[in-house]
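All chains are named by letter (A, B, ...) in the order of the sequence lines, taking the proteins before the strands, and each is independently numbered beginning at 1. All of these numbers come straight from a predicted model, not from anything done at the bench.
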Number of protein chains: 2
Amino acid sequence: MKRVFVNMTRVPGTVGCVTDERLPDDGYVAYGVTVDLVILTIRADQLCVLLVRRGLAPFAGALALPGGFVRPDETLAQAARRELAEETGLLLPELPSRGSAWPGVHLEQLAAYGAIDRDPRARILTIAFLALAPDLPEPRGGTDAAAAEFVPVTALSGLGALAFDHAEILADGLERARAKLEYSALATAFCPAEFTVAELRRVYETVWGAPLDARNFHRKVTGTSGFLEPVGHSTARDGGRPAALYRRGAAELLHPAMRRPPAATP
Amino acid sequence: MKRVFVNMTRVPGTVGCVTDERLPDDGYVAYGVTVDLVILTIRADQLCVLLVRRGLAPFAGALALPGGFVRPDETLAQAARRELAEETGLLLPELPSRGSAWPGVHLEQLAAYGAIDRDPRARILTIAFLALAPDLPEPRGGTDAAAAEFVPVTALSGLGALAFDHAEILADGLERARAKLEYSALATAFCPAEFTVAELRRVYETVWGAPLDARNFHRKVTGTSGFLEPVGHSTARDGGRPAALYRRGAAELLHPAMRRPPAATP
DNA sequence: CAAATAGTGTCTATGAGACACTATGCA
DNA sequence: TGCATAGTGTCTCATAGACACTATTTG
């Protein structure tokens with residue numbers, strides 16, 4: 001499918017004219033730019049991703065990652081935050097431009113995707129972001145989402161392909177999340193402000209898809225300095241002996257790192 | 001500095017009109033997109049980055065990372081490969097779209113940078129790539145490089161600021177490289193096709209800026225399966241007992257990982 | 001021979017994983 | 001009392017780091 005790019009523009013003040021073959025060195029071609037979000041949460045012990053059902057062509061009726069065009073007055077991170085707020089109904093304070101985070105929600109850049117025909121309409125690049133959040137209220141149909149829903153990632157093979165190259169983006173987001181649980185305190189982003197060690201362990205087990213030894217896990221996380229901060233030993237119950245509650249500590253990176261078992265992640 | 005965006009375009013087939021305030025949901029604004037390269041190599045036991053002296057405004061006369069606009073018929077990775085070839089004079093075979101690599105040279109996506117005023121002329125996003133290469137021939141002034149030279153990264157504080165946000169991009173690239181030496185076989189990308197354990201160790205010491213114990217290093221790298229593959233025990237000399245030569249093995253990721261000493265990286 | 005670099009052996013501290021055991025709640 | 005979950009102690013194995021020691025070259 002060879003397309004003619006009619007949406008080339010020149011910017012006053014730059015040299016260069018636009019042809020289809022070879023651009024002058026300071027030539028300038030403009031592309032559409034979107035942000036797409038991999039928003040992960042844990043519901044009922046399942047790792048879920050927020051997907052929207054597309055209403056418009058292309059891929060009308062298919063599931064897709066939430067996202068939208070970057071506006072001229074916002075950075076990439078700001079666009080991602082706006083989309084996140086629109087899709088989840090969360091209101092977010094202003095954030096530093098890169099990385100985390102307000103209490104509990106984590107947002108970071110994942111990668112840029114620029115395959116030539118990833119959007120059949122025109123050349124559109126997307127910058128994907130990864131968001132991790134504790135269990136959220138039901139997503140409200142945002143302004144640009146026909147219908148948004150959290151879908152267990154294990155159910156995706158049976159749901160048909162995602163729109164555009166979103167399956168690849170989602171796979172990259174999942175792998176990033178799984179990898180970062182090893183060496184960062186990111187798992188706490190899936191937990192409410194106060195949580196027990198068992199809840200944190202279930203996060204690891206759910207994201208990695210592998211069981212962990214509860215005793216060793218407890219020793220490890222409580223022994224890693226800066227990971228957890230005990231909040232006055234209030235407790236909550238879950239059937240047995242009450243558990244101590246913790247808040248996330250100051251550490252971003254874990255020393256030593258948690259070790260992901262070699263098990264599969266189906 | 002408030003600018004008016006005159007370079008907004010509409011793409012036939014998409015709805016939406018362009019205003020400065022609020023875009024319809026499927027609205028579309030176009031931006032300039034470049035790739036910028038952090039090309040690292042090791043020369044004379046110093047970690048060096050390839051920089052070009054800008055000839056044109058803005059930042060005329062300043063040092064900058066090599067890069068250029070993405071053409072409409074190439075992916076981001078292809079644009080990065082083209083720029084790499086133009087700047088270094090290397091001829092490169094066609095590659096799979098993500099990650100590495102042809103013998104010895106590594107290229108991977110680093111991140112996207114989209115601060116609103118990162119280019120004073122217009123809204124331009126850049127996708128940064130990280131390249132690691134063995135000692136290259138003197139860079140030839142490429143088509144769009146006024147002059148290209150490898151600069152030791154330790155010398156950069158005394159050279160004045162880099163153009164645009166390239167100091168931030170370079171810092172991110174350096175940190176990525178330092179981190180990936182820990183858990184990947186990336187250090188071999190700084191070495192020629194055949195190398196000794198001592199040469200590999202000098203790569204680690206140079207990138208990390210910290211000395212390593214030669215004996216323990218030797219045991220570790222030769223004991224990590226898939227990292228090094230002994231090529232018929234030919235040798236080369238460097239003053240003392242001849243050393244065995246190795247080629248990089250099949251492993252991308254190291255098990256167990258190398259450990260970066262806590263030392264500073266000045 | 002000495003000097004220089006390559007490579008091995010050995011000891012110790014630390015952390016991971018296995019798992020017995022104790023602690024504290026509820027029905 | 002029985003059961004479920006929380007949390008600790010202890011053993012074993014693997015690996016990191018320190019460093020003594022051997023091996024193989026050149027001058």
Query - Rounded distance (Å) that lies between atom P of dG7(C) and atom CG of Leu228(B) - result: 11 Å

Requested in this report: Please confirm whether the backbone N or O of Ala187(A) pairs with a side-chain atom of Arg248(A), one donor and one acceptor, at under 3.5 Å?
Outcome: no

Query raised in the report: What's the CG-C1' distance between Asp213(A) and dC11(D), to the nearest Å?
Result: 14 Å

Query raised in the report: Of Ala214(A) and Gly239(A), whose nearest nucleotide on DNA chain D comes first from the 5' end?
Result: Gly239(A)

Query - Intermediate values then yes/no, side chain to side chain contact (heavy atoms under 4.5 Å, CB included), Leu245(B) and Thr235(B) - result: CA-CA 6 Å; Leu245(B) 285 172; Thr235(B) 68; 5.7 Å; no

Query raised in the report: Closest to the Ala244(A) side chain: dC19(D), dA18(C), dG7(D)?
Result: dG7(D)

Query raised in the report: So among Leu76(A), Ile39(A), Asp36(A), Ile169(A), which one has a side-chain contact (heavy atoms from CB on, under 4.5 Å) with Phe129(A)?
Result: Leu76(A)

**Report entry** Upstream residue (5' side of DNA chain D) when Ala257(B) and Arg241(B) are each assigned their closest nucleotide
**Finding:** Ala257(B)

Query - Verdict with supporting geometry, Phe164(B) and Thr126(B), side chain to side chain contact (heavy atoms under 4.5 Å, CB included) - result: CA-CA 11 Å; Phe164(B) 305 105; Thr126(B) 196; over 6 Å; no

Query - Short N-O contact, Arg260(A) and Glu175(A), less than 4.0 angstrom - result: yes

Query raised in the report: Quick one: are Thr188(B) and Arg247(B) in side-chain contact, heavy atoms under 4.5 Å?
Result: no

Report task. Calculate the interatomic distance between Leu200(B) atom CG and dA6(C) atom C1'; express it in whole Å. Result -> 15 Å

Report task. From the options dG7(C), dA16(D), dA16(C), select the nucleotide whose nearest atom is closest to the side chain of Pro256(B). Result -> dA16(D)

Report task. Measure the distance from CZ on Arg259(B) to C1' on dT15(D) and round it to the nearest whole Å. Result -> 9 Å

Report task. Please report, rounded to the nearest Å, how far the P atom of dG15(C) is from the CE atom of Met258(A). Result -> 13 Å

Query raised in the report: Taking atom P of dA20(C) as reference, at what distance in whole Å does atom CZ of Arg215(A) sit?
Result: 8 Å

Requested in this report: Without swapping roles, check the side chain of His106(B) against the backbone of Leu132(B) for a donor-acceptor pair under 3.5 Å.
Outcome: no

Report task. Check each residue of residues 218-226 of chain B for a non-hydrogen atom within less than 4.0 Å of any atom in DNA chain D, then write out the ones that pass by number, or none. Result -> Arg219(B), Lys220(B)

Query raised in the report: Taking CZ from Phe217(A) and P from dG17(C), how many angstroms apart are they, rounded to a whole number?
Result: 12 Å

Query - Integer-rounded Å distance: dC19(D) C1' and Leu212(B) CG - result: 16 Å

Query raised in the report: For the side chain of Pro242(B), counting heavy atoms from C-beta on, which of dT25(D), dG25(C), dA6(D) is nearest?
Result: dT25(D)

